[in-house]
Amino acid sequence: MNQLALFEQPLPVTPVTPLRMKCGQNQFWIKRDDLLPFSFGGNKVRKAAEFYKEIKDSGADVVMTYGSNSSNHCRIIANMAAAMGLQCHVISPEENREILYNTRMVTQFGAVIETCPVTEVAQTIENRKAHFIKEGKKPYFITGGGHGNPGTHSYVRAYHEICEQEAQMGVHFDYIFHASGTGATQAGLVCGQLLAQDLSRRIIGISIAREMARGREVVRESIEAYLGAAYEKLYREELLIFDDAYRCGGYGKHTREILDVIDSMMCSEGIPMDTTYVGKAFWGMSQYIASHGIGGKTILFLHTGGAPLFFDRLDKG
Ligand SMILES: *Cc1c(COP(=O)(O)O)cnc(C)c1O
C-alpha cells in the first residue's frame, strides 16, 4: 500500500520555474503538474487523488471509467486501481484502434478495456454497471477525463497553491494559460479565482478539441455545479475565457508548427510536451499573445502532463 501514501495526504507542491523564452517582452513561468509523482504525472493525478477518497469511502470493488486509447486519465485510474488492489474496467470508443503507450499501460495494470462504437458509449457503460451489480460487485464509475466536482475541486486547490507560490516567490501572474479538454481543470482554476474574488488576472483555456459554444458551456456548467448556491453571486462572465482558435481541426490533430514548438521546448528548456494537449496549448498560447498584443506581462503556463504521448510521437519518427 506504500505508493498510495501519496493520496492519503495533500499532494506535494509542483515546481513553478521561469522559462528562458521571450515573446512580446513577457516573462514566462511554467508550473510542472507533469511532475506529480504518480504514473508519469499530469493533471489526472490531481483529479485521481480526489476520486481516491471517494472510491475508498464508497467501499467499491470495481473502478469503471471511460476514455480513448490516448487517455492519460485511463492510465492513471487503471494504475491507481491496481495499487488499491481493485479491479478496473475501461470503456473505450472502438474508433481509436491505434495502440499507444497509454493503452499498453492500462492493459499492463490489469484493467480490462471494453470497446464499443462511440455512439453506444452511454448504453455500454449502463449495461456493464448493471452486469457488475448482478454479479454482486460494487462498481464506482468515474466520468471520462475525471470530469465532475471532485475533479474541479482538485484544481481549486491547485489555484490556491499557485497563489501561495506567487506570495513566496514575490511574483504575480497576469495570465495563466493551459490546455482545456473536458474543462474540469479550467473550471477548477476559475472557481478558485472566483472564490478568492481575484480580478487581477485572466485564466485562458486553450481548447485542444471542442468548439467554442459547447466547450465554454461545459466549463460554465462545471463552475455552476461546483459553486452551487454561491454561483449567482460569484460568477463573472469575463473570467471564463475558452479559446477554440488553436484546435487545428480537433482532438489529436496537430501541425508542423506545433512539432517545432515541442522540439524547441525540449532542446532549450528540457521540458517534454505532447502534441494532443500541452504542446498544442503552448503553441496556442504564443499565438494568442501575438494576436491579442499582450506585452510586458508575467505569464504562467500550466503543464498538465501527458508524458507517454511524448514518446508515442518519437515512435512515429
Ligand atoms: C486531460 C488532459 C488535459 C485537459 O484537462 P481537462 O480537465 O479535461 O480540461 C490537458 N492536458 C493533459 C496532458 C491531459 O491529460
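For the numbers below, each heavy atom of this structure counts, side chains included, while hydrogens, waters and symmetry mates do not. As the structure is a computational prediction, the values presented were derived from the model and not from experiment. Read the numbers this way: they start at 1 and go in the same order the structure lists the ligands and their atoms.
At a threshold of 4.5 Å between non-hydrogen side-chain atoms, the residues Phe177 and Phe282 do not count as touching.
Atoms of ligand 1 found under 4.0 Å from any heavy atom of Gly306, numbered from 1 in the order shown, are 13 (C). Listed by number with element, the atoms of ligand 1 under 4.0 angstrom from any heavy atom of Lys47 are 6 (P), 7 (O), 8 (O). Interface atoms of ligand 1 facing Thr185, defined by a heavy-atom separation under 4.0 Å, are 5 (O), 6 (P), 7 (O). Ligand-side atoms of ligand 1 in range of Ser180: 9 (O), range being under 4.0 angstrom from any heavy atom. Set against the non-hydrogen atoms of Ala184, the atoms of ligand 1 under 4.0 Å away are 7 (O), 9 (O). Each of the atoms 10 (C), 11 (N), 12 (C), 13 (C) of ligand 1 lies under 4.0 Å from some heavy atom of Thr304.
Arg313 has a carboxylate O that lies under 4.0 Å from a charged side-chain N of Asp263, or vice versa, which qualifies the two as a salt bridge. Ion pair Arg214/Glu221 not flagged as a salt bridge, since none of the NZ, NE, NH1 or NH2 atoms sits closer than 4.0 Å to an Asp/Glu carboxylate oxygen.
Checking only distances, Asp274 never comes within under 3.5 Å of ligand 1, N or O to N or O. Checked by distance only, ligand 1 and Gln186 stay at 3.5 Å or farther apart across all their nitrogen or oxygen atoms. Geometrically, ligand 1 and Gly145 share no nitrogen or oxygen pair separated by less than 3.5 Å. In terms of polar-atom proximity, defined here as any N/O pair under 3.5 Å, Lys44 does make such a contact with ligand 1.
Heavy-atom proximity to atom 15 (O) of ligand 1, evaluated over Leu302, Asn72, Val45, is greatest for Asn72. Relative to atom 4 (C) of ligand 1, the option among Gly305, Gly181, Gly188, Gly215 with the closest non-hydrogen atom is Gly181. Nearest to atom 12 (C) of ligand 1 by heavy-atom distance, out of Tyr277, Phe310, Tyr155, is Tyr277.
For the residue pair Arg75/Asn72, the side-chain donor-acceptor check at 3.5 Å is satisfied. A donor and an acceptor atom, one from each side chain of Tyr140 and Asp57, are nowhere located under 3.5 Å apart. In this model, no donor atom of one side chain and acceptor atom of the other lie less than 3.5 Å apart for Gln186 and Tyr155.
Ring pair Tyr231/Tyr235 is parallel by interplanar angle, where below 30° counts as parallel and above 60° as perpendicular.
Among all non-hydrogen protein atoms, the one lying nearest atom 5 (O) of ligand 1 is Asn43 ND2, 3.0 Å. Looking only at protein heavy atoms, the nearest one to atom 8 (O) of ligand 1 is Thr182 OG1, 2.7 Å.
Here the two rings, on Tyr175 and Tyr288, have centers that are 6.0 Å apart or farther.
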- [ ] Let me see the working for Thr185 and Lys47 under side chain to side chain contact (heavy atoms under 4.5 Å, CB included), right down to the final yes or no.
- [x] CA-CA 9 Å; Thr185 300; Lys47 298 184 193 185; 3.8 Å; yes

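For His147, no heavy-atom contact with ligand 1 is shorter than 4.0 Å.
No side-chain donor-acceptor contact under 3.5 Å links Gln193 to the backbone of Ile203.
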